[in-house]
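Structure, as C-alpha cells:
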Amino acid sequence: FLLIVQGKVPSYLGTSAAFVGGVTAIRAAQDSDAIVTGAILVAGVVLALAGVAVHYLGVRIIHAVFPPPVTGAVVMLIGFGLAYVVADVYWPQDQWIALITMLVTFVIIVAFRGFVGRIGVLLGLIVGYLLSWAADRVFGDITAYNAATGQVDAHPRVDLTAVAEAPWLGLPEFHAPEFSLSAVVLVLPAVIALIAENIGHVKAVGEMTRTDVDPYLGRAIAADGLGTVVASAVGGSPTTTYAENIGVMAATKVYSTLAYYIAAVIAILFGLCPKFGALVAATPGGVLGGITVILYGMIGLLGAKIWVENRVNFADPVVMVPVGAGLMLAIGPVTHEITGGFSLSGITLGTIVVLGGYHLLRAIARRDPAPADGM
C-alpha cells in the first residue's frame, strides 16, 4: 500500500468487515476457506481496477460522486456504525474495567505531552490488561457475557492458557484459493462499500494531516484492492485502510509513513510468533471496550469535521434525509435481506443509502452540485 501511494497517504491496513455478510452467505452454502478466499480475491481485483479508473479519470469523478455531505456521512457512519461492537460485544464482558480503561486513556492522551501522550491508546490498553489480571487475583472470576461461548458464565478476565501452550515460532496456515461464480457474486457488493470506505478513510487522514490527498485517492483504492489480492491469494483475509487505525492516528497524531513501514515489518515478524498472537487474542473484552469506544467515536467526529469545514447545509432535505437515514441504518445496525442467502447490513447498508439517496434526491430536485457550500 505504502509503495503504491508513494508514501503520501499514511495508513496501516487491517482486516475489512465489509465482507462479513457475503462470507457468511458463502459458508452457509459451502463451508470452504478456499472458496471464501477465492471470492474475496476476485473482489480485490475489481477494487484495484476501480482505483485505476479513479486515478486516470481524475479526482473530479470522486468529488462528483462523493461530495462533502456524502463523504462526511460515510466517515461518520464508519465510526458510529461500529458502536454496536462496543455495546453488544466488548463492554458487557466487564463494564467496570471498560470504564476505567476508557478514563485512563482519556487522561494519558490529554494530560501527557510528547511520546507518552502519543501512545496513550497503547498505554491505556496495557493498563486495562494489567488491571484485569489483578482483578482476577483479587476478586476471582467474573460472571458476565463471555464472547468465547456467547453466554453469560463465570470465567477469568485474562486467560493465558493458550499463550503458555503456543510455540514461539510458527508459520501461518497458508492455502490456495478456489473460484466459484456464485460465491463471487455474493461478495462483489462489498466493493461498493470499500470504495466509499477508502475514500472516507483517506479524506479523514487528509483532514487530520491538513494535506490534500485527493490526487492519491485512486492509488489508495487500487493499493487496498491489491493488498486484498495478495492476502487472499495465500489464505488471508481482505484488507482495508481500516477505521480503527485511523482512530489511532487521530489519537496519537503520528502520521509518518516511515513509522508504518517499520510497523509493517514488525507485524510480519509477530505474525510468525504464535505466542504473540495468543497474547493479543487474550486481551480482555472489557479492555477493548474502553479503547474502541474512544477510537470509533473519534472517527465519527472526523465526519462532522468534514461537514463543518465544507459548510454543509443541513437545512436542505436533499442532504438531511439520506444522511440521517444512512446513519440510523449503520448505527442500528439494521440488516436488509436481499435473498435467502445474502443481506446488507450496518455500515455497508448505510453507505449505499447515503450515496444512492443523496444523488437520487438531488436528481429529483434538479439541483447542480455546489462544492462551495457542500451541497
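Side-chain atoms are counted along with the backbone in the values below, which use heavy atoms only and exclude waters and symmetry mates. Residues: numbered from 1 along the sequence shown.
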With ILVMFWY side chains joined below 4.5 Å, transitively, what does L226's cluster contain besides itself?
I4
Using salt bridge (Lys or Arg N to Asp or Glu O under 4.0 Å) as the criterion, list what pairs up with D33, not counting sequence neighbours.
R27
Sequence neighbours excluded, the answer for side-chain hydrogen bond (donor to acceptor under 3.5 Å, both in side chains) partners of S32 is none
When you check the side-chain N and O atoms of T228 and T239, is any donor under 3.5 Å from an acceptor?
yes
Would you give me the side-chain donor-acceptor pairs under 3.5 Å for residues 261-269, sequence neighbours excluded?
none

Within residues 206-216 or reaching into it, pairs that qualify as side chain to side chain donor-acceptor pair (under 3.5 Å) - sequence neighbours excluded
H63-D214, K203-D214, E207-K305, T209-T211
Would you say the side-chain atoms of D316 pair up with the backbone N or O of V318, donor to acceptor, closer than 3.5 Å?
yes
Partner set under side-chain hydrogen bond (donor to acceptor under 3.5 Å, both in side chains) for H155, not counting sequence neighbours
D153
Hey, does the side chain of S232 reach the backbone of G235 with a donor-acceptor pair shorter than 3.5 angstrom?
no
If you link ILVMFWY side chains whenever their heavy atoms are less than 4.5 Å apart, which other residues fall into the same cluster as Y56? By chain and number, please.
V52
Can you list, pair by pair, the side-chain donor-acceptor contacts under 3.5 Å of residues 274-291, counting residues two or more places apart and other chains?
| residue | atom | partner | partner atom | Å |
| --- | --- | --- | --- | --- |
| K275 | NZ | V163 | O | 2.7 |
| K275 | NZ | A166 | O | 2.9 |
| T283 | OG1 | V280 | O | 2.7 |

Could you tell me which residues satisfy side chain to side chain contact (heavy atoms under 4.5 Å, CB included) with V107, sequence neighbours excluded, listed by chain and number?
A111
Determine which pairs satisfy side chain to side chain donor-acceptor pair (under 3.5 Å) with at least one residue from residues 79-108, sequence neighbours left out, and list them in order.
D94-R157
Can any side-chain N or O of D224 pair as donor or acceptor with the backbone N or O of A220 at less than 3.5 Å?
no
By side-chain hydrogen bond (donor to acceptor under 3.5 Å, both in side chains), T161 pairs with (sequence neighbours left out) D159
Could you tell me whether the side chain of I221 reaches within less than 4.5 Å of the side chain of L47, counting heavy atoms only?
yes
Could you work out the complete set of other residues in the hydrophobic cluster of F139, with links drawn between I, L, V, M, F, W and Y side chains under 4.5 Å apart?
V138
